Amino acid sequence: MAQSPPPPLEGRVLSTLNEDGTRHKIRPRLVKGRFLRWRQILGYTLIAIFAVLPFIEINGRPFFLLNIPERKFFVFGGAFLATDTVVLMLFMVAIVIGIFLLTALWGRVWCGWACPQTIYMELIYRPIERLFEGTPTHQRRMDREGGGIRRMLKNATFFLVSFFFANIFVAYFIGGKTVVAAMTGSPSDHLTAFVTVLLVTVLMFIDFAWFREQTCIVACPYGRLQAVLLDRNSVIVGYDYNRGEPRARYRDRKRAEKAGEQTDFGDCVDCDLCVKCCPTGIDIRQGLQMECIGCTQCIDACDSVMDGFKKPRGLIRYTSSSELGGAKKKLLRARTVAYPALLFGLVSLLVFAIGQKADADIILLRGRGEPYKLIENKVSNHIRLKVVNRGSADEEYKITLAENPSKTKLIIPTNPLPVKEGKPAIATVFAMTPRKAFKDGQCIIKVKVSATKSKFVKVVAFKLLGPKAAQ
Ligand code: SF4
Ligand code: SF4
């Protein structure tokens, strides 16, 4: 008969809180296993990618740069400007829907396998801590009696590691070259970069040395949304309570056997290894909990115990709430059909919008003030021609007329118009058109903008305004 998961422990609010409200420090035990191996391979690969990405350049332009002060963005080699609102909006919505889909299918796989908080904590900072402070037992002793020189050395190493990663993090926003120049030159020459790196270093140090699992439990908004993003068929790390209960320790089983008492125990030997290794301090046997980040440490721990008792692995495993309750897992659900359909539509639109992007944006705006001026038998229209150079180098743009049946003359003080890479510039244009070319107060001209160094050419139609009747 299918059993229910055991009720939560009485009086417990958070795994990280003692009953008197003080912080309960989590000192997880490291358990090696197949999932840890795969997480290490993936995690260190992701860290390496993170470390080199802001320093890669292709054809002299950054491969990845989010330069907010200068409003220049390079994503996988493609240049985007702050004016690319449609692309930006589609990109953000696609990410949100992608996260919804990922969570509906595989639960907190992001948190356990790819989130920087988990990866850096478990694969960088925690190993350093073990190196200086030893096992969790030693660490707890240091908590009680003081850590002395070892803890000081650990914290100094934490700070240096945080400083290193803070440099890389800031490089994503100001560019790899600028960070290298700031760190090798005098701080006073790059004061903003230097102060930002120091600030990020301190924040990282506080997070990984002190705040730790609290980030996942109380601060991360994604963690708080799990209750609505998961359903009973989503993949979770779960304890098979039908197989594991009633749990009993090895010695209690032996005693019961000897005394001829109940011996139909479940497979859980109540060793608590799954609790001791959990980085958020929870007992997975209490059922699915918001604090579980899906790190799989408890799977490796329980598998090692099952191996020792020559029982099949998987008492704790990747499963789903419906499977644990004895039902069949359903892959096709409303959300696993709707999210991919929506995502497909969004990504198609995004690819289309990016495909429409040329090397420059040309925008023609009417000049401020009166719509036109009559100068003898000519009509003068003031136009502001805005060019946004999206290319990878400074450029000059020649402004002419593509076709000219109206015999319009353009007067442009600066032509060609120089525009810096990734920047906008505005040319003042006066269109002088014979009065007789106007019909119903309008005359359409075609303005041609051609780059002098590249092959970019664009023709834009513009409506000139003039008198309604050609008197
Ligand atoms: S319960 Fe298991 S999977 Fe969840 S956080 Fe703890 S160790 Fe990781
Ligand atoms: S590690 Fe496995 S056997 Fe040990 S307490 Fe956890 S579930 Fe039970």
Side-chain angles (χ1 to χ4, degrees), residues 3 5-6 8-9 12 14-16 24-40 42-43 103 106-115 117-119 121-123 126 136 212-218 220 222-224 226-227 230 234-254 265-321 324:
Q3 305 205 24
L9 297 176
R12 204 196 104 187
L14 278 176
S15 54
T16 50
H24 173 65
K25 284 193 181 150
I26 310 289
R27 301 289 188 194
R29 188 191 288 188
L30 177 71
V31 182
K32 292 185 180 156
R34 61 198 162 127
F35 284 102
L36 179 68
R37 258 194 316 279
W38 281 113
R39 283 174 61 222
Q40 285 171 331
L42 180 73
T103 315
W106 297 298
R108 296 188 77 166
V109 67
W110 162 262
C111 303
W113 291 77
C115 174
Q117 177 70 24
T118 310
I119 291 182
M121 189 69 237
E122 301 307 325
L123 302 184
R126 205 88 79 182
R212 301 191 157 192
E213 71 288 335
Q214 305 285 335
T215 304
C216 310
I217 297 175
V218 298
C220 174
Y222 177 58
R224 314 296 298 176
Q226 293 308 306
L230 289 172
S234 305
V235 172
I236 54 166
V237 173
Y239 164 72
D240 188 343
Y241 40 86
N242 292 314
R243 183 183 145 190
E245 302 296 321
R247 67 186 79 158
R249 286 174 185 267
Y250 180 71
R251 61 168 184 271
D252 295 336
R253 288 167 194 252
K254 286 285 158 202
F265 296 110
D267 279 355
C268 174
V269 293
D270 210 9
C271 63
D272 277 351
L273 192 57
C274 52
V275 184
K276 289 176 187 150
C277 71
C278 177
T280 57
I282 58 169
D283 184 347
I284 191 70
R285 294 172 298 170
Q286 303 295 324
L288 179 63
Q289 291 148 78
M290 197 197 65
E291 294 95 326
C292 175
I293 55 168
C295 73
T296 67
Q297 266 287 275
C298 54
I299 301 185
D300 278 338
C302 193
D303 279 354
S304 70
V305 175
M306 292 298 110
D307 287 351
F309 282 95
K310 305 227 173 340
K311 287 177 187 285
R313 289 177 168 189
L315 178 56
I316 299 176
R317 61 177 183 270
Y318 272 125
T319 178
S320 68
S321 296
L324 288 175

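Indexing begins at 1, ligand by ligand and atom by atom, following the structure's order. Everything numeric here is computed off the predicted structure, so don't read it as measured data.
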Inset, instruction - Examine Cys278 and say whether one of its N/O/S atoms is closer to atom 6 (Fe) of ligand 1 than 2.8 Å. - result: yes
Inset, instruction - Specify side chain, backbone, both or neither for Thr280, according to which of its non-hydrogen atoms lie closer than 4.0 Å to ligand 1. - result: side chain
Inset, instruction - May I ask you to check whether over 12 heavy atoms, not counting those of Lys276, lie within 6.0 Å of atom NZ? - result: yes
Inset, instruction - Would you mind reporting whether Glu291 and Cys278 have side-chain heavy atoms less than 4.5 Å apart? - result: no
Inset, instruction - Kindly give the heavy-atom pair with the smallest separation between Pro136 and Arg27, and that separation in Å. - result: CB-O, 3.2 Å
Legend entry - Proximal ligand 1 atoms for Gly294, defined as those under 4.0 Å from one of its heavy atoms: 3 (S), 4 (Fe)
Inset, instruction - Around atom 5 (S) of ligand 1, find the nearest protein heavy atom and jot down its residue, atom name and distance. - result: Ile293 N, 3.4 Å
Legend entry - Winner among Gly244, Gly308, Cys302 once heavy atoms are compared against atom 7 (S) of ligand 2: Cys302
Legend entry - For Thr103 against Gln226, the heavy-atom pair lying closest together: CG2-OE1, 3.5 Å
Legend entry - For Cys298, the ligand 1 atoms whose distance to one of its heavy atoms is below 4.0 Å: 1 (S), 2 (Fe), 3 (S), 7 (S)
Legend entry - Location of contacts on Ile282 toward ligand 1, heavy atoms closer than 4.0 Å: side chain
Legend entry - Ionic contact status for Arg285 with Asp270, cut-off 4.0 Å: yes
Inset, instruction - Could you list which atoms of ligand 2 come closer than 4.0 Å to a heavy atom of Cys274? - result: 1 (S), 5 (S), 6 (Fe), 7 (S)
Legend entry - Minimum-distance protein heavy atom relative to atom 4 (Fe) of ligand 2: Cys271 SG, 2.3 Å
Legend entry - Proximal candidate to atom 3 (S) of ligand 2 [heavy atom criterion; set Asp283, Val269, Val31]: Val269
Inset, instruction - State, with a plain yes or no, whether a side-chain heavy atom of Val31 is found less than 4.5 Å away from one of Ser304. - result: yes
Legend entry - Greater than 12 external heavy atoms within 6.0 Å of Tyr222's OH: yes
Legend entry - Taking every non-hydrogen atom, the tightest pair across Trp113 and Ile119: O-CD1, 3.7 Å
Inset, instruction - May I ask which of Cys277, Pro28, Cys295 has a heavy atom nearer to atom 8 (Fe) of ligand 1 than the others do? - result: Cys295
